[in-house]
Amino acid sequence: MHDVPLWLWAVFAVTVLVSLAVDLLAHRQAHVIGFREAAAWSGVWVGLAVTFGVVVYLVVGTTAGVEYTTAWLLEKSLSVDNLFVFALIFGYFRVPRAYQHRVLFLGVLGALVFRGVFLAAGVAVVSRFTAVLFVFAAILFYSTYKILKEEEGSFDPGKSIAVKLLRKVIPVRDDYAGTHFFVREAGKRVATPLLAVVAAIEAADLVFAVDSVPAVLAVSSDAFIVYTSNAFAILGLRALYFMLAGLLDRFHYLSTGLALILSFIAVKLILQASHKTISTAVPEIPSPLSLAVIATVLAVSVGLSMLRPAPGPGGGPTADDDRPAEKPPAGPGATGPGSSGPHSSGEPPKAR
């Protein structure tokens, strides 16, 4: 555990709250976010995360700085899975592009809360029962197997438990009503499809936490490191989605890269657990080496994807396409050419 001063926790909390407030004010008017705007915001979030990492390095120490950077980069790479599912959910519910940022903003708020709970529980369990790291390693190996064998199957947002529970609690109308989550019909309060989309987004994040939490705990068991790195990675998810929405299918080697990263982290967990529970003679993988491996695998995966494009035409908008999408049909059950999701034309993407 690192000796983190209380004021640094306060700086982190204030930074996150101010960032969310600025982002919300900047997008208070619903509009289509194009590539250039998304790239600018993505640069802001990355810059903020890197700056905070420098502060951690200067205040807490070199080891903490390397662990933070490694955990942030790891979570950033694993979050690519989320982008594919975001595209699928938006396409399924035919969410107008102008409303997508509002949905993802609420999704980020929920993710910050749920990840905090899961990570706190994970840190507590690991600190008391180190052998649980073997279980975490098994989870990551299984995730690797599913990615390589492409056996994860297609994610069906309509069958999400969260969406089903929502429909039992409150009626959900078929038509959108701007950015409103609730409207009144015949004197009764009913939900719009936008609320169902938020429920599906939150449910998807809970599923991804199964991989993310064990992976980041392999890097550090310090609550400050694991949560701050996760938080800054999550904050940049929205901008990353809007920047890469039309390019996701082009990075076809990225899934293999993520599988390699997960298997590497699983091995790191096994060695770490063995060192602490079996014998100190068992070597551990140092954080600088982990950082180098993750960065190298990501760079090679992206580079190969660009050098060897996947066969067949790519779908979705191009990187410089800032044109507003056509107005989509009214609700999630509508059909026709107006779908606004990045994968609305052609086959829906498979959840990576």
Side-chain angles (χ1 to χ4, degrees), residues 78-118 121 139 142-143 146-147 150-213 234 237-238 241 245 248 328-336 338-344 346-352:
L78 293 179
S79 67
V80 173
D81 275 356
N82 298 51
L83 305 187
F84 284 97
V85 175
F86 290 166
L88 182 59
I89 292 173
F90 288 149
Y92 177 88
F93 286 98
R94 299 188 180 272
V95 184
R97 290 176 64 189
Y99 304 160
Q100 291 177 5
H101 181 275
R102 182 175 177 84
V103 171
L104 291 182
F105 183 86
L106 293 177
V108 163
L109 291 180
L112 289 173
V113 174
F114 291 130
R115 289 295 176 90
V117 173
F118 290 154
I139 292 174
Y142 181 62
S143 298
K146 289 195 298 180
I147 292 176
E150 297 185 352
E151 291 184 357
E152 289 183 292
S154 296
F155 175 74
D156 188 346
K159 295 181 180 179
S160 167
I161 295 177
V163 175
K164 289 182 177 179
L165 289 176
L166 175 65
R167 294 185 184 277
K168 289 183 178 180
V169 172
I170 186 172
V172 180
R173 58 180 280 175
D174 292 330
D175 299 336
Y176 287 97
T179 57
H180 296 291
F181 293 103
F182 299 96
V183 294
R184 285 197 171 273
E185 291 184 347
K188 295 183 179 180
R189 196 183 196 195
V190 299
T192 69
L194 212 58
L195 187 61
V197 177
V198 173
I201 291 286
E202 296 293 359
D205 183 71
L206 293 178
V207 173
F208 285 117
V210 174
D211 291 341
S212 179
V213 172
I234 291 171
L237 261 184
R238 290 155 299 160
Y241 170 77
L248 288 174
T335 58
S339 174
S340 57
H343 291 277
S344 57
E347 293 295 323
K350 180 179 289 185
R352 295 297 199 265

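What you are looking at is a predicted structure, and each value in this text was computed from that prediction instead of being measured. All values below were derived from every heavy atom in this structure, side-chain atoms included, with hydrogens, water molecules and symmetry-related copies excluded.
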Hey, what do you get for [atom1] ([X]) to [atom2] ([Y]), rounding to the nearest 0.5 Å?
X: Arg173; Y: Leu194; atom1: CZ; atom2: CG; answer: 11.5 Å
X: Phe118; Y: Leu206; atom1: CZ; atom2: CG; answer: 5.0 Å
X: Phe90; Y: Arg97; atom1: CZ; atom2: CZ; answer: 11.5 Å
X: Ile234; Y: Leu104; atom1: CD1; atom2: CG; answer: 12.5 Å
X: Phe114; Y: Leu109; atom1: CZ; atom2: CG; answer: 11.0 Å
X: Asp175; Y: Glu185; atom1: CG; atom2: CD; answer: 8.0 Å

Close side-chain approach of [X] and [Y], heavy atoms under 4.5 Å:
X: Val197; Y: Tyr92; result: no
X: Thr192; Y: Tyr99; result: no
X: Ile201; Y: Ile89; result: yes
X: Val103; Y: Thr179; result: no

> What are the two closest non-hydrogen atoms of Val163 and Ala196, and how far apart are they?
Replying inline: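 For Val163 and Ala196, the tightest heavy-atom pair comes out as CG2-O, 3.7 Å.
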>> Quick test of your reading: applying ring-ring contact (aromatic ring centres under 6.0 Å, His included), list the pairs with at least one residue in residues 177-204, sequence neighbours left out, ordered by first then second residue.
In response: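 Passing the test, one end in residues 177-204: no pairs.
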> Among pairs that include at least one residue of residues 106-116, which meet salt bridge (Lys or Arg N to Asp or Glu O under 4.0 Å), considering only residues two or more places apart or in two chains?
Replying inline: Glu75-Arg115, Arg115-Asp205
